[in-house]
Amino acid sequence: MSATVSFNLPSANGPRTVTMSYTRVGSGEPLLLLHGIGHHRQAWDPVVHILAAEREVVAVDLPGFGASPALPDGLTHDLGTVVPVLGALCEALGLDRPHVAGNSLGGLLALELGREKLVRSVTALSPAGFWTTAERRYAFAVLLAMRQGARRLPLPAVERLARTAAGRAALTSTIYARPGRRSPEAVVAETLALAHAEGFAETLRAGVAVRFTDDVPGLPVTVAWGTRDRLLVRRQGVRAKQIIPRARLVRLPGCGHVPMNDDPALVARVILDGSR
């Protein structure tokens with residue numbers, strides 16, 4: 001069952017109330033799951049039940065995505081704001097330095113939380129921020145095209161496409177290497193999530209200046225990359241290893257940019273191994 005939590009965050013014009021949607025299942029050490037831009041917490045559904053056997057799993061909709069409203073006036077959708085938002089979320093939910101796993105934008109946020117020592121381990125799946133300027137421009141152009149496509153397609157057309165493996169590939173092959181494995185219902189839901197994401201444009205604008213250049217010392221870090229990632233190419237993982245030399249760099253054979261659906265068992269094992 002999903003729930004919401006509200007908490008205050010300081011801004012230049014006084015405290016602002018932030019509301020976030022999340023699900024919480026399982027038992028064990030806490031594990032926070034962070035999705036990518038334009039996605040929603042259901043991106044993690046293929047692995048949640050595996051993780052929940054050993055962890056208390058909290059999957060959140062980032063501000064302005066999924067069921068979480070955009071940040072209120074006075075707060076911007078950038079790293080300098082969203083990282084403290086996530087810290088405040090953990091405090092509001094009673095999560096004391098959880099493990100964190102993130103994908104794409106969520107992977108970048110997970111690494112930032114690690115840098116701020118707000119978490120006890122980091123697993124980053126195809127994290128943003130290790131790109132060259134050309135690679136970032138390419139990725140952002142693809143994301144914008146996906147967003148425009150999602151916004152233009154009427155719902156009956158999305159539902160019709162999602163009923164066939166070829167249609168699901170047309171809608172999601174940029175992020176999944178095995179789009180036919182995604183259920184029709186999940187493809188419809190995530191296409192709508194991309195179309196309606198209030199935080200998309202501002203988050204993408206803020207990402208233009210983002211480059212992750214600092215080590216994350218003092219805690220376990222895993223960086224994992226799908227061999228069939230078509231959005232953030234896997235050589236960016238080698239750069240991540242150079243910047244975070246003690247990180248464990250893991251190859252995800254046959255997986256795309258959002259690997260949780262392509263190989264749930266492998267991704268769950270990587271996250272559990274990285275959060276011991």
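Among pairs with a residue in residues 10-24, those fulfilling salt bridge (Lys or Arg N to Asp or Glu O under 4.0 Å) read Arg24-Glu56, at least two apart in sequence or across chains. Counting only residues at least two apart or on different chains, the salt bridge (Lys or Arg N to Asp or Glu O under 4.0 Å) pairs with a member in residues 261-276 are Glu54-Arg276, Asp273-Arg276.
Between Thr123 and Leu31 there is no side-chain heavy-atom pair separated by less than 4.5 Å. Looking at Ser68 and Glu198, their side chains never come closer than 4.5 Å, going by heavy atoms from C-beta outward. Counting only heavy atoms from C-beta outward, the side chains of Leu232 and Glu135 never approach each other to under 4.5 Å. Using a 4.5 Å cut-off on side-chain heavy atoms (C-beta onward), Arg147 and Leu143 make no contact. The shortest distance between side-chain heavy atoms of Pro245 and Asp215 falls below 4.5 Å. No side-chain heavy atom of Pro259 sits under 4.5 Å from any side-chain heavy atom of Arg178. Residues Leu9 and Val85 meet the side-chain proximity criterion, which asks for heavy atoms closer than 4.5 Å. Residues Leu62 and Ile37 have side chains not in contact (no heavy-atom distance under 4.5 Å, counting atoms from C-beta outward).
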Could you go step by step and tell me if Thr132 and Tyr138 meet the side chain to side chain contact (heavy atoms under 4.5 Å, CB included) rule? CA-CA 10 Å; Thr132 63; Tyr138 162 76; over 6 Å; no
Going through the checks in order, is the side chain to side chain contact (heavy atoms under 4.5 Å, CB included) test met by Leu33 and Leu51? CA-CA 11 Å; Leu33 300 180; Leu51 299 172; 4.1 Å; yes
Between Cys90 and Leu118, is the side chain to side chain contact (heavy atoms under 4.5 Å, CB included) condition met? List the steps. CA-CA 9 Å; Cys90 290; Leu118 295 172; over 6 Å; no
If you apply the rule side chain to side chain contact (heavy atoms under 4.5 Å, CB included), what do you find for Leu111 with Arg115, and how did you get there? CA-CA 6 Å; Leu111 289 165; Arg115 210 163 52 85; over 6 Å; no
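Note that the CD atom of Glu190 and the OG1 atom of Thr172 stand 6.5 Å from one another [nearest 0.5 Å]. Remark: Asp61 CG to Met20 CE distance equals 7.5 Å, nearest 0.5 Å. For the atom pair CG (Leu32) and CG (Leu93), the distance works out to 8.5 Å, reported to the nearest 0.5 Å. Rounded to the nearest 0.5 Å, atoms CZ (Arg181) and CG (Asn261) are 8.0 Å apart. Expressed to the nearest 0.5 Å, how far CE of Met146 lies from CG of Leu171 amounts to 9.0 Å. Atom-to-atom distance recorded for His40:NE2 and Leu194:CG is 10.0 Å, nearest 0.5 angstrom.
Under a hydrophobic clustering in which Ile, Leu, Val, Met, Phe, Trp and Tyr are joined whenever their side-chain heavy atoms come within less than 4.5 Å, directly or via other members, Leu105 and Val60 fall into the same cluster. Residues Leu109 and Trp131 are members of one and the same hydrophobic cluster, defined by side-chain heavy-atom contacts under 4.5 angstrom among Ile, Leu, Val, Met, Phe, Trp and Tyr. Using a 4.5 Å cut-off between side-chain heavy atoms of Ile, Leu, Val, Met, Phe, Trp and Tyr, with links allowed through other members, Val25 and Leu95 fall into the same hydrophobic cluster. Hydrophobic cluster membership differs between Tyr176 and Leu161, with clusters built from Ile, Leu, Val, Met, Phe, Trp and Tyr side chains linked at under 4.5 angstrom. A single hydrophobic cluster is seen to contain both Val142 and Phe140, as judged by linkage of ILVMFWY side chains at heavy-atom distances under 4.5 Å, directly or through other members.
Formation of a donor-acceptor pair under 3.5 Å by the Arg41 side chain with backbone atoms of Ala67 is not found in this model. In terms of modelled atom types and a separation under 3.5 Å, the side chain of Ser2 and the main chain of Thr23 share no donor-acceptor contact. Between the side chain of Asp78 and the main chain of Thr81, a donor-acceptor pair closer than 3.5 Å is present. Looking at His77, its side chain does come within 3.5 Å of a backbone N or O of Leu71 through a donor-acceptor pair.
With Val258 as reference, Ile175 is the one residue of Leu125, Leu231, Ile175 to meet the side chain to side chain contact (heavy atoms under 4.5 Å, CB included) rule.
For Arg205 and Glu202, the salt-bridge test fails: no basic side-chain N is under 4.0 Å from an acidic carboxylate O.
Between Phe212 and Phe130, the ring-plane angle classifies as tilted under the 30° and 60° cut-offs.
Enclosure of atom CD in Glu91 is not indicated, since only 12 or fewer non-hydrogen atoms of other residues, nucleotides or ligands lie within 6.0 angstrom. Crowding of Arg211 atom CZ: a count of heavy atoms from other residues, nucleotides or ligands under 6.0 Å exceeding 12.
The side-chain hydrogen bond (donor to acceptor under 3.5 Å, both in side chains) check on His99 picks up Glu29, Ser121, with sequence neighbours excluded. Listed by chain and number, the residues in a side-chain hydrogen bond (donor to acceptor under 3.5 Å, both in side chains) with Arg168 amount to none (sequence neighbours excluded). In this view, Asp229 and Ser126, Trp225, His257 satisfy the side-chain hydrogen bond (donor to acceptor under 3.5 Å, both in side chains) rule, not counting sequence neighbours. Looking at residues two or more places apart in sequence or on another chain, you find no side-chain hydrogen bond (donor to acceptor under 3.5 Å, both in side chains) involving Thr213.
Using modelled atom types, one finds a donor on one side chain and an acceptor on the other under 3.5 Å when comparing Arg55 with Ser275. Between Thr174 and Arg230, the side chains place no donor N or O within less than 3.5 Å of an acceptor N or O (distance only, hydrogens not considered). Using modelled atom types and a 3.5 Å distance limit, the side chains of Thr19 and Ser6 yield a donor-acceptor pair.
Minimum interatomic distance between Leu266 and Pro253 (heavy atoms only, all atoms of both residues): CD2-CD, 3.8 Å. When all heavy atoms of Val18 and Pro72 are compared, the pair lying nearest together is CG2-CD, 4.2 Å. In terms of heavy-atom proximity, Pro98 sits nearest to Val119 at O-CB, 3.0 Å. Between Gly254 and Thr227, the shortest heavy-atom distance links the atoms N-OG1, 2.8 Å. Between Glu116 and Val83, the shortest heavy-atom contact is CG-CG1, 4.2 Å. The heavy-atom pair separating Trp44 from Ile271 by the smallest distance is CZ3-CD1, 3.8 Å.
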